[in-house]
Amino acid sequence: MSAATPHPPAAAHPGDTPGKLPVAEPKQTRRAALRLIRLDGRAFAGMLALNALAAAAGLAAPWLLGRIIDEVKAGASLTTVDRLALAILVCAVAQLLLSRYASYVGHRFGERTLARIREQFTERALALPSSAVERAGTGDLTTRGTTDVASVGAMLRDAGPDVAIAAVRALFVVAAVFVLDLRLGACGLLGLVGIWFASRWYLRRAVTAYLDEGSANSALAEELASTTGGARTMEALRLERRRIDACQGAIEECRRTRLRTLFLRSVLFPVVDVSHVLPVTAVLLLGGALLMREPSAVTLGTVVAAALYLTQLSAPLNTILEQLERLQSSTASFARVEGPAPASRAAEVSPVPADDRIEVSGVRFAYDGGPDVLHGVDLRVRPGERLAIVGPSGAGKTTLGRLLAGMDVPRAGSVTVGGVPVAGLDPAQLRERVVLVTQEHHVFLGTVRDNLRIAAPSATDAELRAALAAVGADWAGDLPDGLDTDLGHGAHRPDGAQAQQLALARVVLADPHTLILDEATALLDPRTARHTERARWPPCSGAVRSSPSPTGCRPRTTRTGWR
């Protein structure tokens with residue numbers, strides 16, 4: 001119920017990438033993209049249809065201009081020229097209107113899809129095992145939920161619709177040149193070979209480069225978060241230089257990865273700029289040669305129309321290639337956003353425990369391949385019992401608590417609840433069965449009511465006040481707006497003891513079967529802590545407490561625990 005930062009590092013689960021959340025494979029990313037398109041398939045199809053109509057309307061102007069040239073050359077009247085010019089104007093207006101509406105439909109499709117991506121990411125992040133999140137660090141998860149989701153949103157909102165429109169226009173323009181004259185079309189297409197080679201070279205390297213950049217950004221965010229969060233501890237231990245060196249190393253890695261992506265862009269864009277001129281030049285040279293040698297094979301209007309089409313081609317190609325960098329960056333971001341999906345889905349189905357009895361049998365545990373810190377631990381906690389585990393710092397109390405809470409997996413032996421491995425329970429079942437509360441705490445932005453209803457969304461105000469009273473949070477009644485008082489920056493900022501009481505009140509409302517208290521009242525004054533420990537908690541199977549001393553561990557029939 002509280003956002004706990006454990007003392008030791010988390011152990012790795014089998015199949016996990018050590019220290020990092022997974023990144024989706026290209027096939028998984030494509031399937032996810034197709035799934036999102038199917039969810040709003042009508043809007044996507046409408047966007048493509050409107051883009052096609054807009055592109056078709058845009059093809060009329062060069063062809064009509066070529067007709068005007070040929071008609072004037074043949075001695076046509078002014079009325080004929082005016083009629084063709086009016087048709088050009090009508091087609092231009094139609095193209096403008098269709099393009100604007102296509103862009104509108106595309107932006108709405110992008111916003112709805114982005115909303116789905118945000119919701120899915122939030123659900124998957126909440127469904128992740130706590131150990132996976134701790135190994136990855138809050139920086140990685142935060143970067144994925146903010147920077148990467150924002151990058152995907154920019155692609156859906158801006159780059160995606162623009163590229164869709166440009167791709168349809170480019171396809172129609174190339175087809176129109178071939179319809180005018182196969183030789184001119186082939187010549188123009190050959191002039192685009194430079195763009196094809198440059199794009200192929202770029203695409204082979206871009207996704208990996210942008211994934212590296214995203215990973216470096218996550219590492220930097222994690223370094224900064226851990227440094228600022230533990231600033232006072234580092235000052236006390238005189239570790240400032242070590243942390244500065246670590247942050248500088250993360251910054252240097254970010255700089256290196258960004259220089260890599262910058263280099264890719266610096267090669268692509270100049271080649272593209274030169275390649276735009278080649279098709280038009282090649283068509284004009286070939287058209288001129290054909291007019292001189294075989295005047296009957298091609299008309300001046302056809303050559304002019306083909307050159308204008310290829311000139312028009314530069315605009316959609318520029319759009320595509322300018323957005324190519326954003327598309328590659330967004331593709332890498334989408335892979336990172338989709339990465340937690342398998343881990344969260346793997347925990348969706350789990351067996352139901354037969355009862356609430358916790359059993360620890362022959363447990364051995366070691367951190368990151370080091371020596372065992374627990375050696376053959378056996379333990380049984382029956383419903384209604386309270387268990388106190390005491391010992392000096394480093395004895396393994398916190399480690400055992402984490403194993404009981406399913407946050408770590410033993411190297412040998414088993415930890416079960418009702419015959420089911422605790423670590424195998426899905427997060428929803430695990431939170432109902434076992435809750436670990438440490439001396440760490442977190443206050444969420446929002447009101448007091450919002451902070452408490454995280455544990456029990458349907459709780460009444462009377463139940464919220466009773467939970468606060470149970471943990472001795474008398475200060476809540478003195479707040480200016482009561483339960484409606486805003487908490488956080490710019491509002492009421494609870495001190496450490498008050499924040500810890502909010503966390504404990506959430507536990508009262510959640511009413512888990514087993515509660516593990518790891519120095520959960522360490523920040524409270526002795527009188528409040530004693531009141532909280534003696535409070536009548538809601539019925540549950542038991543509570544477990546770890547404590548450096550045996551004081552304050554009165555047996556109770558409602559809960560089992562250690563401190």
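Predicted model only: the values in this text are computed from it and were never measured.
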Worksheet entry | Worked check of side-chain contact (heavy atoms from CB on, under 4.5 Å) between Leu50 and Tyr104 | CA-CA 10 Å; Leu50 288 168; Tyr104 171 76; over 6 Å; no
Discussion item. What verdict does the side-chain contact (heavy atoms from CB on, under 4.5 Å) test give for Tyr202 and Val267, after you've listed the backbone C-alpha separation in whole Å, the side-chain angles of each residue and the deciding distance to 0.1 Å?
Written reply: CA-CA 8 Å; Tyr202 175 80; Val267 172; over 6 Å; no
Fill in: Arg256/Glu213 under side-chain contact (heavy atoms from CB on, under 4.5 Å): CA gap, chis, key distance, verdict
CA-CA 9 Å; Arg256 185 190 66 79; Glu213 183 177 334; over 6 Å; no
Practice prompt. Applying side-chain contact (heavy atoms from CB on, under 4.5 Å), run through Thr331 and Val152 and close with a yes or a no.
Written response: CA-CA 8 Å; Thr331 300; Val152 175; over 6 Å; no
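The CZ atom of Arg449 sits 4.0 Å away from the CG atom of Asp484 when rounded to the nearest 0.5 Å. In this structure, Arg453 CZ and Arg506 CZ are separated by 14.5 Å, a value rounded to the nearest 0.5 Å. Put simply, CZ on Arg112 and CD1 on Ile117 are 13.0 Å apart, with the number rounded to the nearest 0.5 Å. Between the OG1 atom of Thr208 and the CG atom of Leu264 there is a distance of 10.0 Å, given to the nearest 0.5 Å. To the nearest 0.5 Å, atom CD of residue Glu253 and atom CG of residue Asp212 are 7.5 Å apart. Here the straight-line distance linking atom CZ of Phe44 with atom CG of Leu34 works out to 9.0 Å at 0.5 Å rounding.
Just one of Leu452, Asn451, Asp450 meets the side chain to side chain contact (heavy atoms under 4.5 Å, CB included) condition when paired with Val448; it is Leu452.
Classification of Glu119 and Arg116 as a salt-bridged pair fails, no side-chain N sitting under 4.0 Å from a carboxylate O. Note on Arg255 versus Glu252: salt bridge recorded, some NZ/NE/NH1/NH2 to OD/OE distance being below 4.0 Å. At a threshold of 4.0 Å, the pair Asp486-Arg493 does not count as salt-bridged, since none of the basic side-chain nitrogens sits closer than that to a carboxylate oxygen.
You'll find the side chain of Leu36 stays beyond 4.5 Å of the side chain of Asp40, heavy atoms only. Side-chain contact between Phe109 and Ile37: present, with at least one pair of heavy atoms (C-beta onward) separated by less than 4.5 Å. Residues Thr485 and Pro480 meet the side-chain proximity criterion, which asks for heavy atoms closer than 4.5 Å. With a 4.5 Å cut-off on side-chain heavy atoms, Val105 and Tyr101 count as touching. In this structure, the side chains of Thr261 and Tyr210 come closer than 4.5 Å at one or more pairs of heavy atoms. Contact check for Thr147 versus Ser333: no side-chain heavy atoms found under the 4.5 Å cut-off. In this structure, the side chains of Leu220 and Leu224 come closer than 4.5 Å at one or more pairs of heavy atoms. Counting heavy atoms from C-beta on, the side chains of Asp481 and Thr447 never come closer than 4.5 Å.
Arg258 and Asn217 share a donor-acceptor pair across their side chains, judged by distance under 3.5 Å alone. Side-chain atoms of Thr29 and Glu338 include no donor-acceptor pair closer than 3.5 Å.
Nearest heavy atom pair, residue Phe334 against residue Ala32, reads CZ-CB, 3.9 Å. Heavy-atom minimum distance, Arg260 versus Ala209: CG-CB, 4.0 Å.
Screening residues 181-192 for salt bridge (Lys or Arg N to Asp or Glu O under 4.0 Å) gives Asp181-Arg183 as the qualifying pairs, with residues at least two apart or on separate chains.
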